[in-house]
**Q** 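This is the structure, below, for whatever I ask next.
Everything numeric here is computed off the predicted structure, so don't read it as measured data. Residue numbers start from 1 in every chain, and the chains themselves are labelled A, B, ... in the order their sequence lines are given, proteins ahead of strands.
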Amino acid sequence: NAGVTQTPKFQVLKTGQSMTLQCAQDMNHEYMSWYRQDPGMGLRLIHYSVGAGITDQGEVPNGYNVSRSTTEDFPLRLLSAAPSQTSVYFCASSYSSDTQYFGPGTRLTVL
Amino acid sequence: GENVEQHPSTLSVQEGDSAVIKCTYSDSASNYFPWYKQELGKRPQLIIDIRSNVGEKKDQRIAVTLNKTAKHFSLHITETQPEDSAVYFCAAPRGYALNFGKGTSLLVTP
């Protein structure tokens with residue numbers, strides 16, 4: 001099993017550009033989440049999903065969209081990138097609502 | 001939603017000493033409390049967790065204690081080694097995901 005994979009590993013955007021961060025898991029987990037990590041702020045929940053077609057907002061959802069069309073994939077969309085979205089983004093999945101398995105992360109810089 | 005406070009933010013110990021990191025949570029209905037370790041440039045990885053039906057859990061040099069009445073839980077690392085140097089995060093349930101503390105940067109000096 002590859003576990004949780006994320007692409008790209010690094011990305012630089014200009015303010016106002018849009019992009020999609022990809023996340024996939026091959027463990028047949030129902031639960032998937034997106035977190036952002038900023039220095040001194042820990043990991044903050046952006047959006048999460050409890051299954052295909054079901055998503056909900058976390059602590060910091062503004063500026064991000066998600067959808068879950070399949071069990072395996074949970075992409076995160078930035079509609080109009082802002083410098084405040086410069087961060088490291090982690091996707092995670094879990095079999096039940098406890099142990100989270102994290103992907104390797106995407107380091108995003110918005111200029 | 002669940003609020004998780006973690007202390008201290010930084011901790012420096014000498015090799016062989018013990019390290020203790022504490023977290024408090026706000027939702028008395030929370031029933032699962034994991035601890036994650038994150039090395040520089042890597043992803044967070046689960047090192048130990050505890051559920052609300054037990055007060056303590058050990059795994060070799062690490063242990064977690066839970067006080068449901070006071071709504072706090074702690075990570076204990078004994079006989080620390082330089083490879084224990086990392087950032088440690090506590091967490092508590094938030095819906096079907098987790099709320100994390102802000103992390104503790106642990107430095108173990110030889």
**Q** Using the ring of each side chain (for Trp, its six-membered ring), is F73(B) parallel, tilted or perpendicular to W35(B), with breaks at 30° and 60°?
**A** perpendicular

**Q** Is the shortest distance from a Lys or Arg side-chain nitrogen in R94(B) or D27(B) to a carboxylate oxygen in the other one below 4.0 Å?
**A** no

**Q** Parallel, tilted or perpendicular, judged at 30° and 60°: which one describes the rings of F102(A) and Y36(B)?
**A** perpendicular

**Q** Heavy-atom cut-off 4.5 Å, strictly under: side chain, backbone, both or neither for E59(A) against chain B?
**A** both

**Q** May I ask you to name which of G58(A), G105(A), A92(A) has the most heavy-atom pairs under 4.5 Å with chain B?
**A** G58(A)

**Q** Specify which of Q38(B), Q6(B), Q45(B) makes the most heavy-atom pairs with chain A at under 4.5 Å.
**A** Q38(B)

**Q** Between V12(A) and L79(A), is there shared hydrophobic-cluster membership here, with clusters defined by ILVMFWY side-chain heavy atoms closer than 4.5 Å?
**A** no

**Q** With respect to chain A, which residue among G41(B), P44(B), G101(B), P34(B) yields the maximal number of heavy-atom pairs within a distance under 4.5 Å?
**A** P44(B)

**Q** P104(A), G40(A), S33(A): which one forms the most heavy-atom pairs within less than 4.5 Å of chain B?
**A** P104(A)

**Q** Counting only non-hydrogen atoms closer than 4.5 Å, does Y48(A) touch chain B with its backbone (N, CA, C, O), its side chain (CB onward), both, or neither?
**A** side chain

**Q** Between the side chains of D38(A) and R36(A), is the shortest nitrogen-to-carboxylate-oxygen separation below 4.0 Å, so that they form an ion pair?
**A** yes

**Q** May I ask you to decide if the ring planes of Y35(A) and F100(B) are parallel, tilted or perpendicular, using 30° and 60° as cut-offs?
**A** perpendicular

**Q** Contact part of L43(A) toward chain B, heavy-atom cut-off under 4.5 Å: side chain, backbone, both or neither?
**A** both

